[in-house]
Amino acid sequence: MAYPFYPIFDHPIFMETIRIHINNQAVILLSAAQLDSLIDSVLLRVYSEIWISGHGNTSLTVLVNADYAFFRYQRYDGDGGLRSVNHNHARNQYEIFILPNAQQDEYPANWLYNREIIRPVLQTYFEMGERYEGIDWDGE
């Protein structure tokens, strides 16, 4: 699926924009409206992998399957990052995520949130470059 955004990173006007890779396709987000459209398209897919950056050296990774999403927030280059943790899910259950290269990763259910939460998580990062405080994070 092609996304309706412009994959041009080397022009100076884009040096401070939010950069995103979704399922290995590079796009640039210039507005919150574009982000909302992108999230809508992600929620139509069963599996997605999202990498977003553009606030200094921070970045956010989101993996999405049919029901859940996994999040990792990095505060700087080389940071081990913070991962989502959900104290309401069982530790001994696992969910499969299929990446764009067909690799299958399993994550414990207690690291996952309902997939609809990707909207405020991505909006918070897009607007402020920060992690969304509406979920719990581990790794500090």
Side-chain angles (χ1 to χ4, degrees):
M1 169 188 288
Y3 298 95
F5 309 107
Y6 303 99
I8 305 168
F9 288 152
D10 57 354
H11 191 280
I13 194 170
F14 297 118
M15 297 309 280
E16 295 299 321
T17 59
I18 303 300
R19 299 175 186 206
I20 190 166
H21 287 81
I22 177 161
N23 300 324
N24 293 331
Q25 182 181 349
V27 295
I28 292 175
L29 296 177
L30 299 175
S31 71
Q34 285 180 327
L35 177 63
D36 275 342
S37 293
L38 180 72
I39 293 168
D40 289 342
S41 66
V42 165
L43 291 173
L44 292 174
R45 300 176 63 99
V46 175
Y47 297 102
S48 288
E49 178 183 33
I50 304 164
W51 294 76
I52 184 169
S53 62
H55 291 279
N57 291 325
T58 64
S59 64
L60 178 69
T61 304
V62 181
L63 300 179
V64 182
N65 74 10
D67 299 310
Y68 298 103
F70 167 76
F71 305 96
R72 177 171 298 281
Y73 177 79
Q74 291 183 281
R75 298 163 285 197
Y76 51 87
D77 287 338
D79 180 23
L82 307 174
R83 65 168 167 74
S84 52
V85 61
N86 189 336
H87 302 289
N88 296 320
H89 287 170
R91 293 175 185 250
N92 60 351
Q93 295 177 341
Y94 292 82
E95 287 287 326
I96 293 175
F97 291 80
I98 300 176
L99 306 181
N101 65 0
Q103 174 181 323
Q104 291 188 20
D105 288 351
E106 283 188 356
Y107 290 94
N110 69 324
W111 291 7
L112 310 176
Y113 280 84
N114 215 332
R115 72 193 314 249
E116 286 75 22
I117 198 85
I118 69 169
R119 189 172 305 276
V121 172
L122 288 170
Q123 287 170 334
T124 299
Y125 184 84
F126 179 80
E127 293 168 7
M128 298 178 279
E130 298 174 3
R131 63 185 179 190
Y132 177 61
E133 294 298 331
I135 65 173
D136 291 327
W137 299 89
D138 190 31
E140 295 193 83

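We number each residue from 1, following the sequence as shown. The figures that follow rest on heavy atoms only: side chains count, while hydrogens, waters and symmetry mates do not.
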So among W137, Y125, Y132, which one has a side-chain contact (heavy atoms from CB on, under 4.5 Å) with F71? W137
Apply the side-chain contact (heavy atoms from CB on, under 4.5 Å) test between R115 and each candidate in N65, L43, D67; give the one that qualifies. L43
Apart from L63 itself, what residues make up its hydrophobic cluster, given side-chain heavy atom links below 4.5 Å?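 The other cluster members (ILVMFWY side chains, heavy atoms under 4.5 Å, direct or chained) are Y68, F70, F97, L99, Y107, W111, L112.
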Nearest heavy-atom neighbours spanning [X] and [Y]:
X    : Y    : result
A90  : A109 : O-CB, 3.5 Å
P100 : N23  : CG-CA, 3.5 Å
Q103 : D105 : NE2-OD1, 2.6 Å
L82  : G139 : CD2-C, 3.5 Å
Y113 : D136 : OH-N, 3.0 Å
E116 : P120 : O-CD, 3.9 Å

N86 side chain vs N110 backbone, donor-acceptor pair below 3.5 Å: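 It does not hold such a pair.
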Could you tell me whether the side chain of R72 and the main chain of G80 form a donor-acceptor pair under 3.5 Å?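 Present.
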Does [X] reach the side chain of [Y], with side-chain heavy atoms less than 4.5 Å apart?
X   : Y    : value
Q34 : V27  : no
L35 : Q123 : yes
E49 : N24  : yes

With side-chain contact (heavy atoms from CB on, under 4.5 Å) as the criterion, how do N57 and Q74 come out once you've worked through the C-alpha distance, each side chain's angles and the decisive distance to 0.1 Å? CA-CA 8 Å; N57 291 325; Q74 291 183 281; over 6 Å; no
Just do the side-chain contact (heavy atoms from CB on, under 4.5 Å) check on L60 and E130 with the steps written out, would you? CA-CA 9 Å; L60 178 69; E130 298 174 3; over 6 Å; no
Just verifying a value: how many Å separate I39 CD1 and L122 CG, rounded to the nearest 0.5 Å? 4.5 Å
